[in-house]
Enquirer: 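This is the structure I have questions about; it appears just below.
Remember, it's 1-based here, ligands and their atoms both numbered in the order they're listed. All residue numbers in this chain count up from 1 along the given sequence.
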Amino acid sequence: MKAPDIKTTLPGPNAKAIIEKDAAFVSPSYTRDYPLVIARGDGAIVEDVDGNTFLDCAAGIAVNSTGVSHPEVVKAIADQAAKFIHMSGTDFYYEPQVRLAEDLASIVPIAGDVRTFFGNSGTEATEAALKLSRYYTKRPNVIAFLGSFHGRSLGSLALTSSKSVQRRGFGPLMPGVYHAPYPDVYRFQGSADACAEASLSFIRDQILVHLTAPDEVAAVVVEPIQGEGGYIVPPAAFLQGLRELTQQHGILLVLDEVQSGMGRTGKMFAAEHFGITGDVVNIAKGIASGLPLGVTCARKDVMSWPPGAHASTFGGNPVSCAAALVTIRLLRDQFVRNAADVGEHLANGFRALAGKHALIGDVRGRGLMLGVELVRDRATKERAVEERNAVVQAMFRRGVLILGAGRNAIRFAPPLVLTRSQADDVLRLFDEALSEVAA
Ligand SMILES: Cc1ncc(COP(=O)(O)O)c(C=O)c1O
């Protein structure tokens with residue numbers, strides 16, 4: 001499949017008809033930035049229902065880790081479905097779930113023995129982590145970070161603080177959640193170390209002094225690289241400091257690797273870039289190449305709740321587990337390395353474009369989790385919100401799928417199979433799109 005190749009006006013006639021029906025029958029709460037109606041795909045290429053092809057730098061929101069439809073994943077799904085589709089791991093046993101838990105124990109950034117709880121999504125992984133943290137510590141409160149995204153169900157939503165529209169009208173939310181600033185070095189006046197210290201001291205000297213005693217805090221929940229909030233990479237000292245602070249007070253450190261995990265950053269988990277481990281690690285999105293699966297991994301001694309304490313009928317569905325087992329193998333054998341290699345190539349390309357386009361304020365990220373923050377003025381760092389939105393549209397018209405992150409950043413989160421030559425096409429078209437918007 002050649003891509004990008006745009007043959008019709010967008011949306012084409014077939015896409016238009018489907019979008020009209022969607023407006024009549026589907027919840028209007030979804031945010032669709034542009035009218036893409038997928039028909040099929042291959043690797044990092046997506047074809048729409050009118051035969052237009054696109055280069056995919058969104059991956060179904062950082063999910064399609066091995067591509068849109070990797071043949072080995074498809075075969076594993078088909079083979080498992082032919083045997084049995086569901087048996088509920090909450091009441092019965094099946095081997096794919098046990099094998100996956102064993103595989104996860106060998107890769108997650110948790111020191112020592114690990115147990116895994118199986119759900120269906122990122123938000124369910126957060127819910128499980130919250131319940132487990134309260135259960136294990138017998139403490140009620142939780143610390144999270146401004147700009148974070150941990151899900152939209154009523155427990156996780158109390159942590160999520162990415163955009164106010166996600167919370168508006170749904171309160172009151174779960175009490176006992178305190179938010180600290182996430183360290184954004186680009187927007188901090190001072191060094192990376194000072195930026196890390198400002199966030200840590202907000203927890204240490206404000207939250208834990210004025211709002212809640214440390215022995216009332218069950219967990220600190222953090223994204224090792226903040227995703228929806230803008231693809232923000234914190235200083236290593238911040239995560240290392242959090243690790244020390246939580247250990248000092250018997251607070252569990254919950255790493256939300258839902259977006260940053262499963263090879264996306266050029267290592268299996270983002271925490272590896274910072275040399276830290278968590279007590280609990282949440283994974284979803286890329287874990288099963290697109291099948292619904294969300295897992296909460298924890299230190300074995302922490303995951304000690306009794307039968308009946310927590311479960312989900314569909315959680316750890318055998319077909320999803322079969323897809324995850326193959327996904328982990330493909331990531332280990334090829335695609336984590338590819339994410340590191342092609343990610344560096346792409347990041348270097350963005351840095352080169354920053355020499356040409358004043359709109360680019362910051363280029364950041366690891367592997368194929370890359371953010372480009374757009375500003376109106378490099379000195380004042382005024383956020384180029386409309387320009388960012390216009391660049392997303394200009395890229396779509398050119399046949400590249402990207403998404404925004406935070407208020408004025410663009411995220412590039414392609415399938416981890418993206419080739420260097422596809423990355424070059426993305427860079428060429430991004431150059432064009434930036435020129436168009438700047439004009
Ligand atoms: C870091 C992080 N945690 C949790 C979630 C929630 O995942 P889900 O949409 O599968 O509930 C997301 C989704 O974007 C995420 O990025």
Side-chain angles (χ1 to χ4, degrees), residues 27 29-33 58-65 108-109 117-131 133 142 144-163 165-167 170 173-174 177 179 182 219-234 239 253-265 269-271 273 278 280-297 312 314-317 320 323-324 327 365-371 402-406 409 411-413:
S27 165
S29 60
Y30 304 132
T31 32
R32 274 73 168 262
D33 284 343
I61 325 185
V63 169
N64 298 326
S65 46
V108 283
F117 173 87
F118 290 93
N120 305 283
S121 62
T123 200
E124 284 176 72
T126 305
E127 298 294 338
L130 288 173
K131 287 178 72 175
S133 299
V142 176
F145 293 89
L146 292 170
S148 68
F149 194 95
H150 299 291
R152 295 171 181 270
S153 46
L154 276 172
S156 67
L157 186 60
L159 274 58
T160 290
S161 59
S162 173
K163 297 193 184 93
V165 65
Q166 293 156 351
R167 299 162 69 98
F170 300 126
L173 302 177
M174 183 181 81
V177 179
H179 287 93
Y182 194 86
V220 171
V221 182
V222 67
E223 294 164 88
I225 294 179
Q226 198 173 69
E228 306 296 305
Y231 274 33
I232 298 169
V233 183
L239 291 168
L253 182 61
V254 178
L255 302 178
D256 184 337
E257 292 260 15
V258 165
Q259 187 147 179
S260 59
M262 304 313 293
R264 173 135 308 277
T265 65
F269 293 96
H273 290 282
V280 179
V281 174
N282 286 344
I283 316 168
K285 287 195 183 281
I287 189 174
S289 292
L291 256 62
L293 183 64
V295 302
T296 301
C297 303
S312 150
F314 289 119
N317 169 278
S320 295
T327 300
R366 295 282 186 279
L368 285 171
M369 183 171 188
L370 294 173
I402 55 173
L403 291 169
R411 71 177 113 175
F412 290 82

Enquirer: May I ask you to say whether Glu228 pairs ionically with Arg411, meaning some side-chain N is under 4.0 Å from a carboxylate O?
Expert: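 Here Glu228 pairs with Arg411 in a salt bridge, since their nearest N and O are under 4.0 Å apart.
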Enquirer: Between Thr265 and Ser260, is a side-chain hydrogen bond (donor to acceptor under 3.5 Å, both in side chains) present by the stated rule, with each step listed?
Expert: CA-CA 6 Å; Thr265 65; Ser260 59; over 6 Å; no
Enquirer: Under the salt bridge (Lys or Arg N to Asp or Glu O under 4.0 Å) rule, what pairs show up with a residue in residues 284-297, not counting sequence neighbours?
Expert: none
Enquirer: Listing by chain and number, which residues have a heavy atom under 4.0 Å from ligand 1?
Expert: Ser121, Gly122, Thr123, Phe149, His150, Gly151, Glu223, Glu228, Asp256, Val258, Gln259, Lys285
Enquirer: Between Ser27 and Ser29, do the side chains contain a donor N or O and an acceptor N or O under 3.5 Å apart?
Expert: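 Ser29 vs Ser27: donor-acceptor pair found between side chains.
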Enquirer: What are the two closest heavy atoms between Thr123 and Gly151, and how far apart are they?
Expert: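 Answer, listing the atom of Thr123 first, then Gly151: OG1-CA, 3.4 Å.
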Enquirer: Applying side-chain hydrogen bond (donor to acceptor under 3.5 Å, both in side chains) between His150 and each of Thr126, Asp256, Thr160, report the one that passes.
Expert: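 Only one of Thr126, Asp256, Thr160 forms a side-chain hydrogen bond (donor to acceptor under 3.5 Å, both in side chains) with His150, namely Asp256.
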